[in-house]
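Down below is the structure, laid out as structure tokens.
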Protein chains: 2
Amino acid sequence: MDVRTLCLGVLYQGEASGYEIKKAFEEGAFSHFQDASFGSIYPALGRLSSEGLVDCTQMAQEKRPDKKVYKLTDKGNDALITSILVPPSPDKYASDFFFVLYFAELLPIPQVALLLDQRITFYKNTIERMSECDLSTIPEGRQLCHGLGMTVYQSSLDYLEKHKDSFLNKLKIPSQNTPFTNSNRHAS
Amino acid sequence: MDVRTLCLGVLYQGEASGYEIKKAFEEGAFSHFQDASFGSIYPALGRLSSEGLVDCTQMAQEKRPDKKVYKLTDKGNDALITSILVPPSPDKYASDFFFVLYFAELLPIPQVALLLDQRITFYKNTIERMSECDLSTIPEGRQLCHGLGMTVYQSSLDYLEKHKDSFLNKLKIPSQNTPFTNSNRHAS
DNA sequence: AGGGACATGTAATTAGTTACATGATTGT
DNA sequence: ACAATCATGTAACTAATTACATGTCCCT
């Protein structure tokens, strides 16, 4: 999904400045499944404004720099609907954690232990942060996203906590496994 | 993780051609957490070869185009280890599915039903494909990746199947929820 | 005095994707 | 006859990120 549509999505939830839109990708709900930086948000907002998909109001603030508050127009709302009407393209997932874990046998065991502990901490923090969210007032779609996301984080945490120790123990014992051959190379 | 390191990772599992490396990202284990296209794999392999991290052997084949088979050198092996020794950067996840689901209230209900059904099918197919993999012969790290991945897919599938119908029913009834205000905008 | 939050914006760079170019073989 | 699989590679393009530029206020 391009940054323009992402901005329309954030703005659908209420008017916001570029800075606030960035926060939606950093700390808000979108942080779990989309991302965008200032360098792409500001130009996108400029284009969106010139095309009439958003309205921009300059706001003077006390003891803070000026703010440009953007608001979705009816045309912008239609553009958002059109964008979500097309079948979604497949998820893009890039995880260095999984890549490193995949080659765990090449690392010193304390390094693997640290890797898993940091991942466990990440899951715990994320779950705690998401738990603070009041679900009763948000629309259905958002509730399902929240529930599905929570499930993923919670089951990942449970799995790692359950298997961590035995995994680390198995790494200590030089593997009795069949060494690599071409027969088990590209397993799914 | 850059494509060069990704190639070293695939090659660590056994020698392969550029075409075969691509398949590891399409159908193989890496497909779940990394991606790379021909346009980045072939130049990466060229650089890796000129830097002595891989060896290249030209293979003539009957009734098939020639093949260039790449093999990890000791230097390449060291480079892979160095790469996985640095603390992994955070996962990058971009999901149009979640984005669309987030705004489910803007879509016709049959469209939402289709979205969920296709997601359920995707999870089922993925789980089936992963189940075919023989775990007994693969190293520990790969086994943990497989287990963690399976857990994520399975719990996502379970969650969607459990909540799908009630979710769709709730969408049919015009929401009794508090309409949007600034107070529930950027919930985590 | 130094860092972090607030606030906007541009320019340089990068790292990739998509499309193109070529061509045999096998299956439908 | 057409699509898919096998096989390698380049060029054009795009869409983003990172770094830079500027400035105030607040907290420690």
Side-chain angles (χ1 to χ4, degrees), chain A residues 1-8 10-11 15-28 30-31 33-50 54 56-70 83 89-94 96 99 186, chain B residues 1-8 10-11 15-28 30-31 33-50 54 56-70 83 89-94 96 99 186:
Chain A
M1 202 67 82
D2 57 48
V3 179
R4 296 177 74 236
T5 309
L6 258 25
C7 288
L8 294 178
V10 177
L11 258 18
E15 50 178 49
S17 64
Y19 191 86
E20 285 164 347
I21 289 172
K22 176 77 200 301
K23 282 208 297 186
F25 297 113
E26 251 169 22
E27 306 158 23
F30 289 98
S31 66
F33 54 86
Q34 296 289 346
D35 202 12
S37 63
F38 284 128
S40 57
I41 291 169
Y42 285 121
L45 249 17
R47 258 191 72 193
L48 249 16
S49 190
S50 71
V54 299
C56 178
T57 315
Q58 197 106 21
M59 306 277 256
Q61 292 185 116
E62 314 157 15
K63 310 202 171 184
R64 284 261 159 258
D66 279 9
K67 219 191 221 199
K68 282 185 181 177
V69 176
Y70 294 90
S83 295
S89 54
D91 292 7
K92 284 173 193 76
Y93 183 52
D96 285 2
F99 186 81
H186 299 298
Chain B
M1 202 66 81
D2 58 46
V3 178
R4 295 176 75 234
T5 309
L6 258 26
C7 288
L8 294 178
V10 176
L11 259 16
E15 49 178 48
S17 64
Y19 192 86
E20 285 162 348
I21 289 172
K22 177 77 199 300
K23 281 207 297 183
F25 296 113
E26 250 168 22
E27 306 157 24
F30 289 98
S31 65
F33 53 87
Q34 297 289 347
D35 202 12
S37 63
F38 284 128
S40 57
I41 291 169
Y42 285 121
L45 250 15
R47 258 191 70 192
L48 250 16
S49 191
S50 71
V54 299
C56 177
T57 316
Q58 197 106 20
M59 305 279 255
Q61 291 185 115
E62 314 157 18
K63 307 202 173 185
R64 283 262 160 257
D66 279 8
K67 219 192 217 191
K68 282 186 181 176
V69 176
Y70 294 89
S83 296
S89 54
D91 292 8
K92 285 173 192 77
Y93 183 51
D96 285 3
F99 186 80
H186 298 299

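Keep in mind that what you see is a predicted model, and the values were worked out from it rather than measured. Letters go in sequence order (proteins before strands), and every chain restarts at 1.
Atom P of nucleotide D:dT17 and atom CD of A:Glu26 are separated by 12 Å, given to the nearest angstrom. With rounding to whole Å, A:Ile41 atom CD1 is found 12 Å from D:dT17 atom C1'. Between the CZ atom of A:Arg4 and the P atom of D:dA15 there is a distance of 11 Å, given to the nearest Å. When rounded to the nearest whole Å, the span between CG of B:Leu6 and C1' of C:dT17 equals 15 Å. Rounding to whole angstrom units, NZ of residue B:Lys92 and P of C:dG16 are separated by 10 Å. Note: CE (B:Met1) to C1' (C:dG16) measures 16 Å, nearest angstrom. Atom CZ in B:Arg47 sits about 10 Å away from atom P in C:dG16, given to the nearest Å.
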* To do: Could you please spell out the steps behind the side chain to side chain contact (heavy atoms under 4.5 Å, CB included) verdict for B:Leu6 and A:Phe99?
  => CA-CA 8 Å; B:Leu6 258 26; A:Phe99 186 81; 3.8 Å; yes
* Asked: Could you walk me through whether A:Gln34 and B:Asp96 pass the side chain to side chain contact (heavy atoms under 4.5 Å, CB included) check?
  -> CA-CA 8 Å; A:Gln34 296 289 346; B:Asp96 285 3; 3.7 Å; yes
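To the nearest 0.5 Å, atoms CG (B:Asp66) and CE (B:Met59) are separated by 10.5 Å. To the nearest 0.5 Å, atom OH of residue B:Tyr93 and atom OH of residue A:Tyr93 are 9.0 Å apart.
Between its two ends, the helix from C:dA1-D:dT28 to C:dT28-D:dA1 turns its axis by 40°, counting five pairs per end and rounding to 10 degrees.
Using a 4.5 Å heavy-atom cutoff, the side chains of A:Asp91 and A:Phe33 are not in contact. Under the 4.5 Å side-chain criterion, counting only non-hydrogen atoms from C-beta, B:Glu20 is in contact with B:Ser17. At least one side-chain heavy atom of B:Tyr70 sits less than 4.5 Å from a side-chain heavy atom of B:Cys56. Inter-residue side-chain proximity for A:Ile21 and A:Leu45 is flagged as met; some heavy-atom pair is nearer than 4.5 Å.
For the pair A:Ser37 and D:dT17, the criterion of a side-chain N or O lying under 4.0 Å from OP1 or OP2 is met.
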* To do: Report, as a single string ordered 5' to 3', how protein heavy atoms within less than 4.0 Å touch nucleotides 7-13 of chain D: B base, S sugar-phosphate only, - not at all.
  => BBBB---
Expected list for residues 35-42 of chain A: side-chain donor-acceptor pairs under 3.5 angstrom, two or more places apart:
residue : atom : partner : partner atom : Å
A:Ser40 : OG   : A:Ser37 : N            : 3.4
A:Ser40 : OG   : A:Ser37 : O            : 3.0

